[in-house]
Engineer: 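Have a look at this one before I ask anything.
As a basis for the values below, the full set of heavy atoms in this structure was taken, side chains included, without hydrogen atoms, waters or symmetry mates.
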Amino acid sequence: MLIKDLVAANRILASHDVLDGYGHVSVRDNKNPGHFLMARSLAPELVTSDDILEYDLDAVAANLNGRSQYGERYIHAAIYKARPDVMAIVHSHTPTVIPFGVSSVKLRPVYHLAGFLGEGLPVFDIRQSFGMTQMLVNTAPRGQALAQKLGNSAAVLMRGHGIAVTGTSLPVVVGRSIYTDVNARIQLQSIGLGGTVTYLHPDEARLIQEDGENAGYRRSWELWRRQALGE
């Protein structure tokens, strides 16, 4: 079931334009928390059960068998190692979030289904730690630096690159990734109106996260999963 859900997550995120030919989603192994599952290097919409690889927390695959890997698997390994509470991760290049990683304007919740954004997301600037690079988190030290910047936040922006989103399950991380995109669009539209933007109060954000219906995205997940798998 976990592998099937991971396949569904890839397809859902592709259908919502959170992932395109790039980006990836992973889930911690529910039988071995020191391992996680992620597809081989493939466009997410094309992922099937046969494409799923099993990794340890050093990003070493147990069942590679000559298949290609995502270079940025270190994002996932480092976050799982640093955050035992994280059960699923999405790394995307969603265009709507990019402006908030390259400007002084924080990505903050304006929309109730994005309450997990709290008081705003941290921004990881790879140049600060590693100088001039090709912007990819494709080594263990870069993954560790990203995880450190993430801290206890739900997600971390990556300057000029994208975002890494965490969750306590696949439904949660998929919902968070989709509604981060929605929130970013609404925030950009609101700023563009030229008036004062009213953001969620931190207490509102906290109460939303304590509400299992809003924070768990179960109703949305059930719909998205059926659509993705053609059930």
Engineer: Under 3.5 Å, is there a donor-acceptor pair between the D181 and T94 side chains?
Structural biologist: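 The criterion, which ignores hydrogens and geometry beyond distance, is not satisfied for T94 and D181.
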Engineer: Whether the side chain of R142 engages the backbone of T139 through a donor-acceptor N/O pair (distance < 3.5 Å, no angle test) should be reported.
Structural biologist: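 Side chain of R142 to backbone of T139, a donor-acceptor pair under 3.5 Å: no, none is there.
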Engineer: With a 4.5 Å limit on heavy-atom distance, are the side chains of T198 and V110 in contact?
Structural biologist: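 T198 does not reach V110 side chain to side chain.
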Engineer: R225 and A8: which non-hydrogen atoms are nearest, and at how many Å?
Structural biologist: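 For R225 and A8, the tightest heavy-atom pair comes out as CG-CB, 3.9 Å.
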Engineer: Examine distances only and state if a side-chain atom of Q187 and a backbone atom of V197 form a donor-acceptor pair shorter than 3.5 Å.
Structural biologist: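 It does not hold such a pair.
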Engineer: Crowded around Q148 CD? As in, over 12 foreign heavy atoms under 6.0 Å?
Structural biologist: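 It does not: Q148 CD has 12 such atoms or fewer within range.
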Engineer: Is there a side-chain contact (heavy atoms from CB on, under 4.5 Å) between R206 and E210? Walk through the geometry before answering.
Structural biologist: CA-CA 6 Å; R206 175 182 55 79; E210 292 174 358; 3.2 Å; yes
Engineer: Does the side chain of L6 come within less than 4.5 Å of V25's, by heavy atoms?
Structural biologist: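 Yes, close enough: below the 4.5 Å cut-off.
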Engineer: Show your reasoning for whether side-chain contact (heavy atoms from CB on, under 4.5 Å) applies to L157 and I98.
Structural biologist: CA-CA 8 Å; L157 292 167; I98 303 297; over 6 Å; no
Engineer: Using side-chain contact (heavy atoms from CB on, under 4.5 Å) as the criterion, point out the one residue from V90, N138, L146 that pairs with I75.
Structural biologist: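 Going through the options one by one, the only one that passes is L146.
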Engineer: Would you say the side chain of S169 lies within less than 4.5 Å of the side chain of V173, judging by non-hydrogen atoms?
Structural biologist: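 Not in contact.
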Engineer: Can you pull out every salt bridge (Lys or Arg N to Asp or Glu O under 4.0 Å) where at least one residue sits in residues 39-52? Sequence neighbours excluded, please.
Structural biologist: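 The answer is R40-D51.
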Engineer: To the nearest 0.5 angstrom, please state how far the CZ atom of R176 sits from the CD1 atom of I163.
Structural biologist: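 Reported value, rounded in 0.5 Å steps: 11.0 Å.
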Engineer: Checking H201 side chain against D203 main chain: does a donor-acceptor pair fall under 3.5 Å?
Structural biologist: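 Flag set: sc H201 to bb D203 pair under 3.5 Å.
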Engineer: Treat each ILVMFWY residue as a node, draw an edge where side-chain heavy atoms are under 4.5 Å apart, and state whether L13 and L42 are in one component.
Structural biologist: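 Yes.
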Engineer: With a 3.5 Å cut-off and no angle check, do the side chains of S220 and Y179 form a donor-acceptor pair?
Structural biologist: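 Judged by distance alone, the side chains do pair up.
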Engineer: Does V27 reach the side chain of D5, with side-chain heavy atoms less than 4.5 Å apart?
Structural biologist: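 No. Closest side-chain heavy atoms not under 4.5 Å.
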Engineer: Between R83 and D85, is there a salt bridge with N-O shorter than 4.0 Å?
Structural biologist: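 Yes, charged N to carboxylate O under 4.0 Å.
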Engineer: Would you say L200 and Y111 make side-chain contact, with heavy atoms under 4.5 Å?
Structural biologist: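 No - every pair of side-chain heavy atoms lies 4.5 Å or more apart.
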Engineer: As an exercise, state the distance from OG of S41 to CD of E72, rounded to the nearest 0.5 Å.
Structural biologist: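 Interatomic distance, S41 OG to E72 CD, rounded to 0.5 Å: 10.5 Å.
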Engineer: Is there side-chain contact between F36 and D56, with at least one heavy-atom pair below 4.5 Å?
Structural biologist: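 No, every pair of side-chain atoms sits at 4.5 Å or beyond.
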Engineer: Report yes if the side chains of W224 and R11 come closer than 4.5 Å at any heavy-atom pair, otherwise no.
Structural biologist: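 The answer is no, as the side chains (C-beta and beyond) never meet within the 4.5 Å cut-off.
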Engineer: Which pair of non-hydrogen atoms, one from Y22 and one from P44, has the smallest distance, and what is that distance?
Structural biologist: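 For Y22 versus P44, the nearest heavy atoms are O-CG, 4.1 Å.
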Engineer: Identify, with sequence neighbours excluded, every residue that meets ring pair (Phe, Tyr, Trp, His ring centres under 6.0 Å) alongside F116.
Structural biologist: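 Partners of F116 under the ring pair (Phe, Tyr, Trp, His ring centres under 6.0 Å) test: none.
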Engineer: Any idea which heavy atoms bring V7 and S49 closest together, and the distance?
Structural biologist: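 Looking at all heavy atoms of both residues, the shortest contact is CG2-N, 3.6 Å.
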Engineer: Give the minimum heavy-atom separation between Y217 and L113, together with the two atoms involved.
Structural biologist: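 Result for this residue pair: OH-O, 2.7 Å.
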Engineer: Between Y80 and S26, is any side-chain donor less than 3.5 angstrom from a side-chain acceptor?
Structural biologist: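 Looking only at side-chain atoms, S26 and Y80 do form a donor-acceptor pair, the distance falling under 3.5 Å.
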Engineer: As an exercise, state the distance from CG of L229 to NZ of K4, rounded to the nearest 0.5 Å.
Structural biologist: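 If we round to the nearest 0.5 Å, L229:CG and K4:NZ are 6.0 Å apart.
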Engineer: Would the distance check show the side chain of R185 and the main-chain N or O of T96 forming a donor-acceptor pair, the cut-off being under 3.5 Å?
Structural biologist: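 Checked: no pair found.
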Engineer: Could you pull out all residues at least two apart from S177 that satisfy side-chain hydrogen bond (donor to acceptor under 3.5 Å, both in side chains)?
Structural biologist: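 Result, side-chain hydrogen bond (donor to acceptor under 3.5 Å, both in side chains) vs S177: none returned.
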Engineer: Determine whether more than 12 heavy atoms belonging to other residues, nucleotides or ligands lie under 6.0 Å from atom CD of E119.
Structural biologist: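 At most 12 heavy atoms, drawn from other residues, nucleotides or ligands, come within 6.0 Å of this atom.
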Engineer: Let me know which of R226, R219, R218 forms a salt bridge (Lys or Arg N to Asp or Glu O under 4.0 Å) with E222.
Structural biologist: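 Result for salt bridge (Lys or Arg N to Asp or Glu O under 4.0 Å) with E222: R226.
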Engineer: Y199 ring centre to R108 NZ or CZ under 6.0 Å, with the angle to the axis within 45°?
Structural biologist: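 Yes, a cation-pi geometry holds between R108 and Y199.
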Engineer: When you look at L37 and I3, which way does the side-chain contact (heavy atoms from CB on, under 4.5 Å) test go after all the steps?
Structural biologist: CA-CA 8 Å; L37 306 177; I3 289 177; 4.0 Å; yes
Engineer: Decide whether I89 and Y74 are clustered together by the hydrophobic rule: side chain heavy atoms of Ile, Leu, Val, Met, Phe, Trp, Tyr closer than 4.5 Å, transitively.
Structural biologist: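 Not linked; separate clusters.
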Engineer: side-chain contact (heavy atoms from CB on, under 4.5 Å) for M38 and Q69? Distances and angles first, verdict last.
Structural biologist: CA-CA 9 Å; M38 187 167 65; Q69 306 175 81; over 6 Å; no
Engineer: Taking H76 as the fixed residue, which of H35, H91, H24 is the one that meets the ring pair (Phe, Tyr, Trp, His ring centres under 6.0 Å) rule?
Structural biologist: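 Result: among H35, H91, H24, H24 is the only option passing the ring pair (Phe, Tyr, Trp, His ring centres under 6.0 Å) with H76.
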Engineer: Indicate the atoms forming the closest heavy-atom contact of L121 with A155, along with that distance.
Structural biologist: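 What the structure gives for the nearest pair is CD2-O, 3.5 Å.
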Engineer: Within this structure, what is the CD1-NE2 distance for the pair I178 and H16, rounded to the nearest 0.5 Å?
Structural biologist: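 Output value for this atom pair is 4.0 Å.
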Engineer: Honestly curious: do I52 and I12 fall in one hydrophobic cluster under the side-chain, below-4.5 Å linking rule?
Structural biologist: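 Yes, I52 and I12 fall within the same hydrophobic cluster.
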Engineer: Do Y55 and L53 have side chains that approach each other closer than 4.5 Å (heavy atoms only, starting at C-beta)?
Structural biologist: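 A side-chain contact exists here, since the closest heavy-atom pair is under 4.5 Å.
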Engineer: Can you name the one residue among V137, L136, I126 that meets side-chain contact (heavy atoms from CB on, under 4.5 Å) with M158?
Structural biologist: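 Checked V137, L136, I126 against M158; only one passes side-chain contact (heavy atoms from CB on, under 4.5 Å): V137.
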Engineer: Can you name the closest pair of heavy atoms from Q209 and G115 and give their distance?
Structural biologist: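 Scanning both residues, the minimum pair turns out to be NE2-C, 3.8 Å.
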Engineer: Are M87 and V174 connected in a single hydrophobic cluster, I mean Ile/Leu/Val/Met/Phe/Trp/Tyr linked by side-chain heavy atoms less than 4.5 Å apart?
Structural biologist: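 Per the 4.5 Å side-chain linkage, V174 and M87 are not co-clustered.
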Engineer: Tell me whether D58 contacts the main-chain N or O of V60 through its side chain, where contact means a donor paired with an acceptor under 3.5 Å.
Structural biologist: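 Flag not set: sc D58 to bb V60 has no pair under 3.5 Å.
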